[in-house]
Amino acid sequence: MISADTKPEESPYALWQQTVSARYKDRSFVARNRSGVEVDPVYGGLDRHGNEAEMPGQYPYTRGIYPIHYQFQPWMDLQIIGFGLPSQTRERMDLLLEQGGSKGYFDREAYNFIFDMPTSMGYDPDHPGVRGSIGDCGISVCKARDYEILLDGKDLAKTTVSMVLNAGSPAMLGLYLAAAKRRGFAFDKLGGNLTNYIWDFFGHSGGTNFSPRGSYRLIADIAAYCAEHVPLWNPLTISEHNICEAGATNVQAVAYSIAAIIAVNEECVKLGIDPDTVVPRFGFHVRYGENFFEEVAKTRALRRVYAKVNRERFGCKKSGSLQARIHAQTAGSLLTAQQPLNNLVRNAYGALAAVLSGANGMTINAYDEALGLPTEEAVTLSLRTSQIIAEETGAVHVSDPFGGSYYVEALTDEIERRVFEIIADIDDRGGLIACIESGWIKQQVSAAAYQWRQEIESGARTMVGVNKYTTDEPEQFAVFQPDPEAARLAIADVERHRRERDATRCAAALEDLRRAAVEVNEGRAIGSVMANLVAAAEADATLGEMQAILHEVFGRNK
Amino acid sequence: MPDTAPQPRVLLTKSFIDSHDRAIATIALALRDAAMEVVLIDYEQPEDVVTVALQEDVDIIGLSFMSGGQVETTQKIVAELQRREVPDLPVVVGGVIRPFDVAPLEAVGVREIFRGGAPLTDVVATFDRLARAYRSHV
């Protein structure tokens with residue numbers, strides 16, 4: 001907000017111009033539309049209170065975290081990839097690359113791996129309770145050697161690896177770093193992302209996750225280790241997406257996501273870690289679903305609330321600590337088994353909302369995911385959707401194109417107001433961990449999910465092809481059938497691995513991990529759990545073996 | 001005359017490694033709204049489902065699958081029902097059920113399959129009908 005005595009050269013627009021010319025020199029970002037009209041990369045004006053409006057790249061980053069966004073750096077397409085054995089997923093990776101996908105920032109290749117449920121939760125394929133789920137809906141990975149197959153021949157210094165998983169996250173990062181080390185890559189060159197959804201307060205993944213308190217301690221350990229040793233690695237993604245998908249409203253999901261950041265930061269402060277050393281590597285995974293303008297407004301509100309909380313509540317000073325980086329994903333819960341081609345249209349609108357919000361990365365779901373694992377055709381169409389938005393629609397020419405819209409600005413302010421109300425409520429209830437332990441958050445989310453479902457039942461909310469415009473004709477679609485042999489091969493492989501490794505060395509490394517875990521759990525030697533996970537993985541310990549120790553020390557969710 | 005028959009007792013369950021619980025939690029609320037008694041658990045081993053079903057004296061079992069295990073797990077649960085001598089306890093399945101899952105699920109006697117978008121009223125009515133029919137015959 002500018003006061004009456006602000007000098008013109010200090011106005012948001014003038015400051016923005018100075019930043020752009022300092023950063024990009026004489027490069028022009030002016031685009032020309034079909035009719036030859038020149039469009040500026042950003043438009044400014046007055047805000048709702050009559051003051052000169054904030055510009056993109058300026059605190060509190062409502063309008064985006066960069067002064068120039070897609071005009072300089074397009075979003076990263078990260079199609080979710082993974083099924084069966086590492087060798088099978090590798091074939092799909094090569095297909096995506098051939099199709100023009102897998103493009104990361106700065107000419108890196110980028111892969112967004114999803115793991116089968118056993119792996120995601122930290123279990124090896126030979127764990128007795130996981131038969132039937134091995135290699136289904138994701139890759140089966142349980143040892144460092146699996147990454148050597150998955151990423152054979154790839155220059156890891158030029159590859160961004162994103163790992164989407166739950167409780168298995170800490171040990172999974174250990175496997176990847178150990179594989180990279182064996183191949184001789186320095187940790188300070190490795191870029192990637194670990195979702196680290198190891199705790200879950202929205203119902204999700206019951207007893208396989210860590211206890212809420214143990215989770216926050218582990219998150220701090222991993223973040224501190226990465227800040228020191230793997231500085232380009234993003235060790236935590238807060239999944240607004242998953243909270244929404246579990247049924248929460250947009251306002252609830254943003255509020256709970258910010259509450260999670262508050263809980264992580266409080267844990268760091270308690271352990272003597274300066275938030276400014278770890279927060280710049282945190283990010284968000286945000287869902288783009290059924291309400292186009294609400295999605296845009298919630299993104300703008302999320303960036304603003306995040307900046308304010310980190311600066312005002314935690315005293316963060318680095319600009320990176322105040323800038324919410326957002327990976328967008330379209331809404332899986334809106335994909336219908338009925339008339340599945342309709343999902344292509346839903347996904348395209350969700351993706352467009354993400355682009356008009358200024359998201360930094362993008363996953364567009366496949367239209368056939370309500371039927372089973374995506375087919376190759378469906379995966380390619382998701383990529384084409386992103387490419388059409390990026391290269392045909394012109395949506396990328398102007399940053400924050402809804403900035404100044406009466407509607408979107410009012411909605412952004414309203415979402416911010418409601419988010420801060422929920423955060424105050426959580427504070428009053430003793431903080432997020434207390435709200436998870438009491439079951440309050442889960443009740444809130446389930447109630448919202450049930451209300452949504454009842455709106456569908458009553459017809460108050462329309463889902464085309466489900467409760468309106470339905471057809472009775474049976475439809476035949478190709479459904480991807482996973483390889484039933486994958487489970488047998490994965491089990492045989494881990495059994496052979498256990499036989500052939502140096503058992504003494506492996507047992508000693510696991511014992512070191514246990515000692516480190518106990519210390520960290522008592523608040524000492526923060527970062528040593530992650531260091532010992534890498535060492536154990538190097539000594540050929542498996543995901544499930546490392547997980548068992550972490551579960552024992554940090555406790556399981558109830 | 002008022003209906004004095006006790007309300008159906010239902011076991012809803014999914015694998016401990018399947019994190020997608022929105023559907024099963026929603027079904028649980030809908031069945032409770034219809035005055036049924038609902039037990040909602042995660043299982044680690046398929047056989048555990050039958051143990052809980054017997055302990056809780058339920059009239060029907062609902063299995064949710066959102067990420068694999070549809071056929072293999074259901075087969076194990078049905079085999080365990082037979083081994084524990086409750087072969088008629090009805091089993092219904094919901095979630096991501098692919099075309100190639102249907103025949104083997106029907107072959108082991110699954111009574112109903114619900115996919116995403118199935119109306120809650122139909123789901124509730126099916127649980128009610130199967131549970132009452134089971135109780136009247138045991």
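Just so we're on the same page: letters track the sequence lines, and every chain starts at 1.
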Qualifying residue for side chain to side chain contact (heavy atoms under 4.5 Å, CB included) with A:Ser133, from B:Asp18, B:Thr73, B:Ile17: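 Exactly one candidate clears the test, B:Ile17.
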Distance in Å, [X] [atom1] paired with [Y] [atom2], rounded so as to fall on 0.5 Å steps:
X	Y	atom1	atom2	answer
B:Leu120	A:Ser458	CG	OG	11.0 Å
B:Gln45	A:Arg131	CD	CZ	11.5 Å
A:Glu457	B:Thr26	CD	OG1	10.0 Å
B:Arg115	A:Thr336	CZ	OG1	13.0 Å
A:Met117	B:Met66	CE	CE	11.0 Å
A:Arg556	B:Phe16	CZ	CZ	7.0 Å

Side-chain donor/acceptor of B:Arg22 to backbone N/O of A:Glu245, under 3.5 Å: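 Yes, B:Arg22 side chain to A:Glu245 backbone: donor-acceptor pair under 3.5 Å.
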Crowding at CZ, B:Phe100 (>12 non-hydrogen neighbours, <6.0 Å):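 Check passes, neighbour count above 12.
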Closest-packed option against chain A by number of heavy-atom pairs under 4.5 Å, given B:Ala118, B:Gly116, B:Ala30, B:Ala25: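 Counting heavy-atom pairs under 4.5 Å, the top option is B:Ala30.
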Contacting moiety of A:Ser333, where chain B heavy atoms sit under 4.5 Å: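 Only the side chain of A:Ser333 comes within 4.5 Å of chain B.
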Choice from A:Ser120, A:Ala167, A:Pro118, A:Ala370 maximising heavy atom contacts with chain B below 4.5 Å: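 Winner by heavy-atom pair count: A:Pro118.
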Pairs of heavy atoms under 4.5 Å with chain B: top-ranked of A:Leu371, A:Asn467, A:Val466: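 Most heavy-atom pairs within the cutoff with chain B belong to A:Leu371.
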Chain A contact via B:Pro99 - side chain, backbone, both or neither, heavy atoms under 4.5 Å: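 For B:Pro99, the contact with chain A is made by the side chain alone.
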Interface moiety of B:Gln70 toward chain A, non-hydrogen atoms closer than 4.5 Å: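 It is the side chain, since no backbone atom gets that close.
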Non-hydrogen side-chain atoms of B:Glu72 and A:Asp136 separated by less than 4.5 Å: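 No; the side chains remain at least 4.5 Å from each other.
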